[in-house]
Amino acid sequence: MRTWLCRAFVLASFAGIGALHAQYAQSAEPALELREVRSVTIPSGSSIAGAAFGWKDDLVFWTDQQPGLTVVSPTVSRLACGTVLPVSAAMDTATREYVLLSSTGEEFRFDRMGACRQTRNLMGKEPIVVAARAGTAWLLGRQKSATDPRLRLATTTLDGSRDNEYTTAWPAEFSIATTDGRSVIVSSIKAPFRSVVYSWNGTQLDRLPLELDAGLHDLAGMSSEGAIALAAVSLDRGFLQVVLELKTGKRRLLLFNAQGKPIRSVLLGDNWGLLASDPAGKRLLVSRHDQLSELVLFSWRWITSDTSPEVF
């Protein structure tokens with residue numbers, strides 16, 4: 001069991017970096033503690049493409065190599081619809097069914113017995129690059145057109161009655177998305193970085209940008225040109241994002257407050273990728289690569305003390 005306390009490490013690492021960094025270190029924002037709950041080893045040769053929270057304590061993940069979904073509950077079972085590879089998946093809490101979406105826009109549902117049926121097709125002129133489910137709506141991202149590489153986002157509800165569109169400033173091929181079940185964070189992995197939180201309120205997309213470039217400069221003393229941004233996730237009172245430093249190959253975890261302002265930064269000992277979050281239950285799903293590839297479940301809490309049994 002490992003506990004990760006962001007604030008104590010960051011405060012210790014600020015010495016000598018400069019007045020601006022000290023200003024962040026003296027912030028009144030509370031610290032975030034991550035506590036490892038359990039982990040699942042991923043078969044050799046596979047890498048996790050995405051994950052979601054299932055029914056009760058079930059965990060769900062999918063890979064780029066295997067069709068269908070893997071459900072951990074706590075035994076491992078497979079749900080597949082032929083050779084369909086998911087671009088995203090989610091749990092429908094109303095029906096307790098798992099919903100899978102393919103890159104071509106085909107939506108499938110698995111009932112409680114694992115039987116699969118196709119429910120609809122959200123196919124468009126361009127293939128789906130990123131997708132995530134917020135509430136009862138899918139947020140779908142495609143290349144805007146054959147001649148326009150930008151990412152076009154659109155929401156589609158269960159009955160297809162609403163379809164709001166928004167075009168980002170970055171190319172579709174550099175995009176990544178996560179969800180907390182109510183909102184979706186879409187990020188550009190290449191500089192200049194953009195990570196935008198999209199909340200579906202029933203009539204429109206509400207957007208909140210995360211200031212990743214400022215966080216890298218002010219908290220880590222590095223340029224965005226020397227990094228690749230990985231996925232960001234929502235917390236109950238802020239956001240997390242992982243950044244890969246190209247020069248060292250190391251990964252850095254950044255904490256943002258609820259307004260999208262960067263407030264903490266810590267260097268990770270393992271290769272992390274953020275997959276999904278559950279702010280109401282304070283749960284976080286992470287892919288971790290060290291000697292093994294794992295799906296890891298964390299819980300979190302906010303604290304005001306710098307003491308912890310293990311601090312990295």
Side-chain angles (χ1 to χ4, degrees), residues 1-4 33-81 84-102 108-116 130-135 138 176-185 230-236 240 242 253 268 270-290 292-301:
M1 186 71 68
R2 282 185 281 183
T3 300
W4 314 83
E33 182 186 75
L34 299 177
R35 182 178 296 273
E36 183 175 329
V37 177
R38 62 171 168 153
S39 62
V40 180
T41 301
I42 306 304
S44 176
S46 298
S47 58
I48 299 176
F53 293 97
W55 180 249
K56 294 186 177 179
D57 294 328
D58 293 359
L59 306 178
V60 184
F61 69 90
W62 54 97
T63 73
D64 293 327
Q65 296 83 17
Q66 291 181 310
L69 307 174
T70 299
V71 181
V72 183
S73 95
T75 59
V76 177
S77 59
R78 297 272 306 141
L79 300 175
C81 285
V84 176
L85 290 171
V87 69
S88 186
M91 175 76 185
D92 187 332
T93 55
T95 62
R96 291 172 55 181
E97 295 178 316
Y98 291 111
V99 187
L100 178 156
L101 189 70
S102 73
F108 298 88
R109 283 178 173 261
F110 297 96
D111 63 23
R112 300 178 198 178
M113 302 301 294
C116 168
V130 294
R133 192 176 171 92
W138 283 108
I176 191 168
T178 64
T179 181
D180 63 9
R182 292 179 299 278
S183 62
V184 177
I185 303 181
L230 305 180
V233 295
S234 301
L235 304 175
D236 56 327
L240 284 176
V242 171
L253 182 66
L268 294 168
D270 300 318
N271 290 332
W272 279 27
L274 303 177
L275 298 171
S277 64
D278 169 25
K282 292 184 172 61
R283 299 184 298 168
L284 176 68
L285 282 177
V286 170
S287 63
R288 186 172 65 197
H289 306 279
D290 190 8
L292 298 173
S293 293
E294 300 172 292
L295 174 67
V296 187
L297 172 65
F298 284 93
S299 64
W300 76 74
R301 65 170 180 159

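Using a 4.5 Å cut-off on side-chain heavy atoms (C-beta onward), R182 and P279 make contact. In this structure, the side chains of F110 and C81 come closer than 4.5 Å at one or more pairs of heavy atoms.
In terms of the side-chain contact (heavy atoms from CB on, under 4.5 Å) criterion, residue partners of A90 (sequence neighbours excluded) are, by chain and number, R133. Legend: residues meeting side-chain contact (heavy atoms from CB on, under 4.5 Å) with L235, ordered by chain and number and at least two apart, are L32, L240, L255, W300, W302. Residues satisfying the side chain to side chain donor-acceptor pair (under 3.5 Å) test with R78, not counting sequence neighbours, are T70. Residues forming a side chain to side chain donor-acceptor pair (under 3.5 Å) with S77 (at least two apart in sequence, or on another chain): none.
To the nearest 0.5 angstrom, L275 atom CG is 10.5 Å from L230 atom CG. Put simply, CG on D111 and OG1 on T95 are 9.5 Å apart, with the number rounded to the nearest 0.5 Å. To the nearest 0.5 angstrom, S299 atom OG is 12.5 Å from R38 atom CZ. If you take CZ on F298 and CZ on R35, they are separated by 11.0 Å, rounding to the nearest 0.5 Å.
Closest of all the heavy-atom pairs between V84 and S102 is CG1-CB, 3.7 Å. In plain terms, the two heavy atoms of L295 and L285 that are nearest each other are CD1-CD2, 4.1 Å. Taking every heavy atom of both residues into account, L274 and V233 meet most closely at CB-CG1, 3.7 Å. Residues S287 and I48 approach most closely at CB-CD1, 4.2 Å, considering heavy atoms. Looking at every heavy atom in both residues, M91 comes nearest to R96 through CE-CA, 3.1 Å. Closest approach of G114 to L79, counting heavy atoms only: CA-CD2, 3.7 Å.
Remark: the backbone N or O of V184 is not paired with any side-chain donor or acceptor of T179 at under 3.5 angstrom. A donor-acceptor contact shorter than 3.5 Å is absent between the side chain of D270 and the backbone of W272.
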Output a table of donor-acceptor pairs, distance under 3.5 Å, between side-chain atoms of residues 52-69 and any protein atom two or more places apart or on a different chain; print 'none' if there are none.
from: T63; atom 1: OG1; to: Q65; atom 2: N; distance (Å): 3.2
from: T63; atom 1: OG1; to: Q66; atom 2: N; distance (Å): 3.0
from: Q65; atom 1: OE1; to: S47; atom 2: N; distance (Å): 3.4

Please evaluate residues H289 and E294 with respect to the criterion side chain to side chain contact (heavy atoms under 4.5 Å, CB included), reporting the C-alpha separation (whole Å), side-chain torsions for both, the decisive distance (0.1 Å), and the verdict. CA-CA 6 Å; H289 306 279; E294 300 172 292; over 6 Å; no
Apply side chain to side chain contact (heavy atoms under 4.5 Å, CB included) to the pair V242 and L268, showing each step before the final yes or no. CA-CA 9 Å; V242 171; L268 294 168; 4.3 Å; yes
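For residues 274-285, the set of pairs meeting the side-chain hydrogen bond (donor to acceptor under 3.5 Å, both in side chains) definition, not counting sequence neighbours, comprises D236-K282, D278-R283.
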